Amino acid sequence: MRSPLLEIRNLGVEVPVPGGGAAAAVDGVDLSVAHGERVGLVGESGAGKSLTTLALPNLLPPGVRIRPGSSVRLDGRELVGAPTRDLRAVRGKRVALVFQDPTHALNPALTVGSQIREVLLVHRGLRGGEARAETLRLLSEVGLPDPARTAADPPHRLSGGMRQRACIALALAGEPDLLVADEPTTALDVTVQARILDLLVHLSEARGLALLLVSHDLAVVSRTCHRVAVMYAGRVVEKGPVKAVLERPLHPYTRALLAARPRLTGPRTLPAPIAGSIPAPSAWPTGCRFHPRCPDALDRCRREAPPWVGLSPHRATCWLHWEPGGGAS
Amino acid sequence: MQSVARHQRGGVGLSVFLPGAPQILAGRVAEGLLALMPWLSAILLLVLRADLVSSQLGEGSTVGRASMALLAAAGLAWAWSLRDVSTPPEAGAGQGAWVRIVRDPWAGIGLAILLFFAGLSLLGPPLLLPEDPGRTQTTEEGFLPPSMDHPMGTDNAKSDVFERFLDGARVTLGIGLLAGLGGALIGVTLGAWAGFTGGWVDRVVMRCVDFFIALPKLVLLIALAALYDLGPVTLALFIAFVQWPALARIVRAEAVALAQREFVHALRAFGVSERRILFRHVLPNAQGVILVGTALAVANALLIEAGLSFLGLGLDSASWGRLIKDGGALFPHWWVGGFAGMSLVLVVVALNLVADAVRDVFDPRADVTV
């Protein structure tokens, strides 16, 4: 079997804590993405999703660092601890990011076209007419109706959806193998959201592009991804094929997330909010980190971190499904 | 619709004789004045000095080249005005920052003043002064009031003030420009680098800035002027040297803010190098601040030069500051220093007007985000 495109092992990200010291906001995340695969990363705000994605090409803000012992491999090459020059060759070229808010992700003083041409120059050495032609091709590939005009426009002339398409074109300019999209539709209209998601799926299939999609919304992931990983308080608590996780969630947190979604079909019930909120990284509970909010918490959940249970590939970390001497492995 | 068409037909006729006039009538003062001025100057030149122009036009002499330049500028202005009047305005066309600056009435007046003095200092000496290259014409009497022979009178040394005024314009404006741009170049580069990079670079550069700002500028310049033999270029460099810290501080503040913006983060995520981000992305976003700072630095440099000359520490050669000094107590011989003083004020005010418009156009608060 081909080795995965991206393999994250035991990733930890430490953030500074007010009053000194550091806390692991991401704590031992394992995740892999195969070539051409679409993987969703789901969780509430503060679960560590964004830090996980930023840690990949080490774009963490100052003061935030990757914990020793973490490993991020891209096609088998270790990225943690790689020199900046090597990372710069990865950023945009192998791994490209699509940001949440396209309004702020583009330089307001330059035209869309010149920003795309810059990436073409930096990563592919294209200039002049070649670069212009490729810019127009990229803009039409992401479904912009009038590429020539869009290329000549500054970002503020575009609508939100068009801007996000331009950002995606920018991300594609380096011909990456992996697109990391951090809440790419959160800042957009609902009607535009679906089209952007369809575009991402289409691009992934047409180009064999792997996609790591970060979202707080299980519905977004279910319509786009093959696999999903649910994060809570810096850890992955459940992962598996999208269909299996959504239909037979193992972890109480995943069940709670599903119950918290508004439903348009089936019995008319109000969405059930999850009581409480994710604690800060410095105050994470012992044992299972979800236990203070878990309706079914056992005594053991408070004391011991739960093991992985369930049959591969659909697994979760929860004591509820643990059978002594069986099932779990 | 009809009135627009009629206005334009009238405009075509007007612009054939007075290019720029229709634009001024339509409220676009700057563009109109910029076209009208070379046109009127060229006509004046042809009327007043037809003999000189006709004898020198084909020659490679300074006079010939200067008249060629003026006539070419007039021709360009004429063609532009005619074309501008006969093309209908594009409805709803987006206006770029530069167009908005030029169309601002006050900035327009400022730009027109600046162009007037630029033209005067470049083309004035060859075209308006007696052709004798080794000039410094001595007149029969000192302290003559302005007259046809001596438009600005004569001074105590019996020389023509107008001649000194034109020569001084070149020196003064040249020093102002060089000192302002030089100071801006140093200040913008260091400030942007410090603000964008942060960390110890920022701390070291900014402590240097603090140090230089704490020094009393005029005293420093007086010391430098007393120590060194001043030519126009050295003087300009000295002035630039005392001016860069102020600009560095302003640009740094802007760069610090821009470095936190998400698009800078996004550029890093695309593998763009820090240097490229700074020069291609951060600086263009700070262009408003940079332009305003540069314009004011030029204005400031002009005042510093005049101040030094007034104290007797400036250049020995002609400059406006020197003229103001020689004017001494203004009355009764107001013409010696008066014209230079008024011109200096006009240029400084014009620079401030333009800077003001630039600030308005680039003001982030006025920025319309959809």
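In what follows, chains carry the letters A, B, and so on, assigned in the order in which the sequence lines appear, proteins first and then strands, with residues in each chain numbered from 1. Every value quoted in this text rests on a predicted model; they were computed, and no experiment measured them.
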Q: Answer yes or no: are there more than 12 heavy-atom neighbours, outside A:Arg137 itself, under 6.0 Å from its atom CZ?
A: yes
Q: Provide the closest heavy-atom pair for B:Phe270 versus A:Val119 in the form atom of the first, atom of the second, distance.
A: CB-CG2, 4.2 Å
Q: Given side chain to side chain contact (heavy atoms under 4.5 Å, CB included), test A:Arg88 with B:Arg268 step by step and report yes or no.
A: CA-CA 8 Å; A:Arg88 203 178 286 149; B:Arg268 280 195 194 111; over 6 Å; no
Q) For A:Leu170, is it the side chain, the backbone, both or neither that has a heavy atom under 4.5 Å from a heavy atom of chain B? A) both
Q.
Pairing donors with acceptors under 3.5 angstrom, does anything connect the side chains of B:His281 and A:Gln115?
A. no
Q. Between A:Asn107 and B:Phe263, does a side chain to side chain contact (heavy atoms under 4.5 Å, CB included) hold up when you go through it step by step?
A. CA-CA 6 Å; A:Asn107 183 345; B:Phe263 74 83; 3.7 Å; yes
Q. Of the non-hydrogen atoms in B:Asn285 and A:Ala109, which two are nearest, and what is the gap between them?
A. OD1-CB, 3.4 Å
(Q) With a 6.0 Å cut-off (strictly less than), is the heavy-atom count around CZ of B:Arg207, excluding the residue itself, greater than 12? (A) yes
Q) Where does A:Leu106 contact chain B at under 4.5 Å (heavy atoms): side chain, backbone, both or neither? A) backbone
(Q) Restricting to non-hydrogen atoms, name the atom on A:Ala105 and the atom on B:Ala266 that form the minimum distance, rounded to 0.1 Å. (A) O-CB, 3.5 Å
Q: Please report the closest heavy-atom contact between A:Pro108 and B:Arg261, naming both atoms and the distance.
A: CG-NH2, 3.5 Å
Q | Side chain to side chain, A:Arg91 and B:Leu267, heavy atoms closer than 4.5 Å | A | no
(Q) For A:Arg207, is the CZ atom crowded, meaning more than 12 foreign heavy atoms sit under 6.0 Å from it? (A) yes
Q. Looking at side-chain heavy atoms only, is the closest gap between B:Arg276 and A:Glu118 below 4.5 Å?
A. yes
**Q.** Heavy-atom proximity to chain B below 4.5 Å, by part of A:Ala171
**A.** both
